[in-house]
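Report on the following structure.
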Amino acid sequence: MAPPPKWNDPKTTLTVTVLGSSGDLARKKTYPALFALFVHGHLPPKTTILGYARSKMDTQTLRDQMKAYLKGDPHLIAAFLEICYYQPGEYSLSCDTEGPLVFGKLADTIAAHERQLCGEGGGAVGSGGSCNRIFYLALPPSVYPPVCANIKAACMSPAGWTRVIVEKPFGRDLESSEALNSDLAALFTEAQLYRIDHYLGKELTQNLVVMRFANRFLAPLWNRDNIANVQIIFKEPFGTEGRGGYFDQYGIIRDIIQNHLLQLLCLVAMEKPCSLSPDDIRDEKLKVLRCIEPVSTDNVHLGQYTTGEHGQPGYIDDPTVPAGSKCPTFAMCVLHINNERWDGVPFIIKAGKALNEGKCEIRVQLQDVPGDLFASKRGGGRQARNEFVVRLQPDPAIYMKMTVKEPGLGMELAQSELELLYTQKYEGTPIPEAYERLILDCINGDQQHFVRRDELVAAWKIFTPLLKYIDAGGLKPEMYAYGSRGPPGADKLREKAGHVTNLTAKDITWENHGPSPFSP
């Protein structure tokens with residue numbers, strides 16, 4: 001591995017080229033993340049941010065557009081926009097065999113900025129300079145191959161490194177994913193490719209490795225002898241809202257479960273890595289994926305939202321959705337990891353749109369306490385299970401649900417929480433957004449929180465047979481109302497898998513504060 005650049009060297013530069021800079025992703029995520037890095041001093045001193053898109057506009061128009069999406073000190077916003085530029089152009093041509101390079105003008109613009117920052121010849125080979133380039137593809141995956149081919153042909157740094165960030169989805173199944181990866185691998189090494197999954201950049205996701213391997217009390221509990229089941233839950237309170245045409249091509253499993261939630265499962269289930277090096281951690285995640293059998297149709301329940309109680313439109317009411325679509329907007333899958341630690345423990349993965357709330361969390365439910373000493377005190381109810389919960393959003397939190405004695409002269413049992421609420425504990429401490437952290441990792445050459453090709457292969461092997469069966473019409477979604485908890489059949493599948501809902505335990509922590517924010 002090449003030594004990292006010396007960013008304080010006057011001949012060292014960084015150019016971040018955002019391809020697709022006129023799109024929603026660039027405006028709402030990429031540029032705000034770059035601005036946050038700029039504000040906190042994490043961008044190298046000689047950084048240029050270059051937007052590239054088909055839209056016919058100039059640099060000032062780009063700056064005016066981006067200003068609306070940046071929040072903070074007006075003077076800092078103005079200073080940041082001074083390093084932002086724009087170059088219009090095409091991504092590919094109908095015939096690429098003759099004529100000038102498609103990205104020829106883009107390459108000239110990048111080189112001109114590098115010369116301006118570090119002097120004439122500063123980026124040339126043998127000049128002692130280091131001109132480093134990141135290409136962020138805020139584009140549909142269908143154009144990745146031609147765009148990457150054009151980057152390779154015209155825009156590689158002559159003196160420094162070149163890295164390419166690509167967004168999901170990485171294909172629709174194993175075959176298409178491998179075809180895409182083969183195209184990219186013919187152009188770039190694995191060390192140059194950064195497949196971004198923004199859930200790996202979330203604060204609580206990054207805390208999973210620390211919590212699991214830096215706390216002695218968790219280690220003896222983290223296995224099949226003590227854990228009854230693990231839930232990984234993603235819920236959105238809104239539907240497709242005009243984006244149904246795009247969503248309908250993928251569905252909830254491809255959009256959320258096969259990537260975001262499966263990555264969380266790996267961090268929950270993996271063995272302790274040899275070190276914190278990116279490849280050691282990704283090696284352990286890969287071992288988990290290889291121990292999971294393809295999902296059985298008996299362990300899946302699908303749903304699609306319909307009109308809500310208050311008149312919210314159903315999925316097929318979205319004018320961009322094809323008439324009669326059976327695309328699932330909700331899915332619950334039960335996975336099993338066939339290894340010594342997790343044999344027999346169901347991992348219940350749930351994701352859905354237009355549900356009763358918005359959140360993403362991991363719930364590790366422990367086994368019943370053997371020899372129930374307090375059975376006579378429960379009034380016919382069963383004992384409530386302990387749960388260790390990591391909530392990624394909203395309001396990041398870590399807490400343990402436990403049974404305690406309710407205050408008073410009697411022996412009434414209740415559930416309470418030992419909780420760490422990030423917004424209270426770290427009040428006033430800025431929590432980085434996922435894209436901010438991941439772009440900084442790319443600048444630093446740290447691939448720990450990016451997805452490796454062999455991880456993608458193993459993940460698609462788990463879901464591709466199921467997805468082909470669904471696409472062929474073999475599994476129909478159960479309808480559920482917009483704003484509900486989801487299709488009732490999903491609860492039956494969860495109970496069949498072994499999850500126990502703690503309905504009989506009184507929650508004394510939150511009884512005077514409205515509904516518990518920690519309900520499943």
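Residue Leu19 holds its CG atom at 11.0 Å from CZ of Arg54, rounded to the nearest 0.5 Å. A distance of 11.5 Å separates CD1 of Ile83 from CG of Leu50, quoted to the nearest 0.5 Å. Atom CD1 of residue Ile443 and atom CG of residue Leu440 lie 5.5 Å apart, to the nearest 0.5 angstrom. To the nearest 0.5 Å, atoms CH2 (Trp460) and CG (Leu262) are separated by 10.5 Å. Note that CG of Leu137 is 11.5 Å distant from CD1 of Ile196, once rounded to the nearest 0.5 Å. The distance from the CD atom of Glu90 to the CG atom of Leu106 is 12.5 Å, given to the nearest 0.5 Å.
Side-chain contact between Thr329 and Tyr480: present, with at least one pair of heavy atoms (C-beta onward) separated by less than 4.5 Å. Side-chain atoms of Phe103 and Val147, non-hydrogen and from C-beta on, do get closer than 4.5 Å to each other. With contacts defined as side-chain heavy-atom distances shorter than 4.5 Å, the pair Leu62/Met57 qualifies. Counting heavy atoms from C-beta outward, Leu267 and Ile362 have side chains that stay 4.5 Å or more apart. Under the 4.5 Å side-chain criterion, counting only non-hydrogen atoms from C-beta, Arg133 is not in contact with Thr17. Contact check for Asp173 versus Asp471: no side-chain heavy atoms found under the 4.5 Å cut-off. The shortest distance between side-chain heavy atoms of Gln448 and Asp441 does not fall below 4.5 Å. Between Arg163 and Cys442, the closest side-chain pair of non-hydrogen atoms falls below 4.5 Å.
The shortest non-hydrogen separation linking Pro145 to Asp183 is CG-OD2, 3.7 Å. Across every non-hydrogen atom of Leu276 and Ile281, the tightest pair is O-CD1, 3.8 Å. Closest approach of Pro487 to Gly303, counting heavy atoms only: CG-CA, 4.1 Å. Considering all non-hydrogen atoms of both residues, Pro432 and Pro430 come closest at CD-O, 3.6 Å. Val300 and Cys333 make their closest contact through CG2-SG, 4.2 Å (heavy atoms, listed as atom of the first residue, atom of the second, distance). The nearest pair of heavy atoms linking Val268 to Trp342 is O-CZ2, 3.9 Å.
Annotation for Lys29: atom NZ does not count as buried by contact number, only 12 or fewer foreign heavy atoms lying within 6.0 Å. Annotation: Ile316, atom CD1; neighbour count of heavy atoms from other residues, nucleotides and ligands within 6.0 Å does not exceed 12. A 6.0 Å sphere centred on CD of Glu284 holds more than 12 heavy atoms belonging to other residues, nucleotides or ligands.
Defined by atom type and a distance below 3.5 Å, a donor-acceptor pair is missing between the side-chain atoms of Ser277 and Asp279. No donor-acceptor contact under 3.5 angstrom links the side chains of Gln304 and Lys476, judged on distance only. Inspection of the Tyr136 and Glu167 side chains reveals an N or O donor paired with an N or O acceptor under 3.5 Å. Side-chain N/O atoms of Thr61 and Asp64 include no donor and acceptor closer than 3.5 Å. A side-chain N or O of Tyr315 and one of Asp248 form a donor-acceptor pair less than 3.5 Å apart. For the 3.5 Å distance criterion, the side chains of Tyr422 and Asn207 qualify, holding a donor opposite an acceptor.
A donor-acceptor pair is defined here as one N or O able to donate and one able to accept, closer than 3.5 Å; such a pair exists between the side chain of Arg63 and the backbone of Cys84. In this structure, Lys46 contributes its side chain and Pro10 its backbone to a donor-acceptor pair below 3.5 Å. For Asn150 (side chain) and Pro146 (main-chain N/O), a donor-acceptor pair under 3.5 Å exists by modelled atom type. For the pair His40 (side chain) and Ala36 (backbone), a donor-acceptor distance under 3.5 Å is present. Proximity of a side-chain donor or acceptor of Arg195 to a complementary backbone N or O of Arg452 within less than 3.5 Å is not detected. Using modelled atom types, no side-chain atom of Thr162 and backbone atom of Met156 make a donor-acceptor pair closer than 3.5 Å. For Asp283 (side chain) and Pro273 (main-chain N/O), no donor-acceptor pair under 3.5 Å exists by modelled atom type. Side-chain N or O atoms of Glu190 include one that pairs as donor or acceptor with a backbone N or O of Arg453 at under 3.5 Å. No donor-acceptor pair under 3.5 Å is formed between the side chain of Thr306 and the backbone N or O of Gly314. Glu293 places no side-chain N or O within donor-acceptor distance of the main-chain N or O of His336, the cut-off being under 3.5 Å.
With ring centers used as reference points, His113 lies under 6.0 Å from Tyr85.
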| task | Check the pair Ile253, Ile470 against side-chain contact (heavy atoms from CB on, under 4.5 Å), reporting the backbone distance first and the verdict last. | result | CA-CA 10 Å; Ile253 295 176; Ile470 294 171; 3.8 Å; yes
| message | Assess the residue pair Asp108 and Lys105 against the criterion (salt bridge (charged side-chain N to carboxylate O under 4.0 Å, His left out)); give the C-alpha distance rounded to whole Å, side-chain angles, the decisive distance to 0.1 Å, and a yes or no. | response | CA-CA 5 Å; Asp108 291 342; Lys105 288 185 179 179; over 6 Å; no
| request: Take Asp24 and Arg243 through the test salt bridge (charged side-chain N to carboxylate O under 4.0 Å, His left out) and record every step on the way to the result. | output: CA-CA 12 Å; Asp24 277 353; Arg243 296 184 67 250; over 6 Å; no
| task | Run the numbers on Val295 and Phe463 for side-chain contact (heavy atoms from CB on, under 4.5 Å), then give the verdict. | result | CA-CA 6 Å; Val295 188; Phe463 285 101; 3.7 Å; yes
| field | side-chain contact (heavy atoms from CB on, under 4.5 Å) evaluation trace for Ile348 with Met332 | value | CA-CA 7 Å; Ile348 304 165; Met332 177 180 285; 3.9 Å; yes
| said: side-chain contact (heavy atoms from CB on, under 4.5 Å), that's the test. Do Thr464 and Glu175 meet it? Break it down for me. | reply: CA-CA 9 Å; Thr464 291; Glu175 292 81 5; 4.1 Å; yes
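Looking at Glu271 and Lys287, no side-chain N of the basic residue comes within less than 4.0 Å of a carboxylate O on the acidic one, giving no salt bridge.
Ring-plane geometry between His198 and Tyr435 is classed as parallel, the angle between the planes falling under 30 degrees on a 0 to 90 degree scale with a further cut at 60. Ring geometry for Phe35 against Phe38 counts as parallel: the plane angle stays under 30°, on a 0 to 90° scale with 60° as the upper cut.
Each of Leu180, Leu187, Asn181 was checked for a side-chain contact (heavy atoms from CB on, under 4.5 Å) with Tyr144, and the lone residue meeting it is Leu180. Screening Gln393, His260, Glu361, Lys350 for a side-chain contact (heavy atoms from CB on, under 4.5 Å) involving Phe234 leaves a single residue, Gln393.
Under a cutoff of 6.0 Å and an axis angle of 45°, Lys168 and Phe170 do not form a cation-pi pair.
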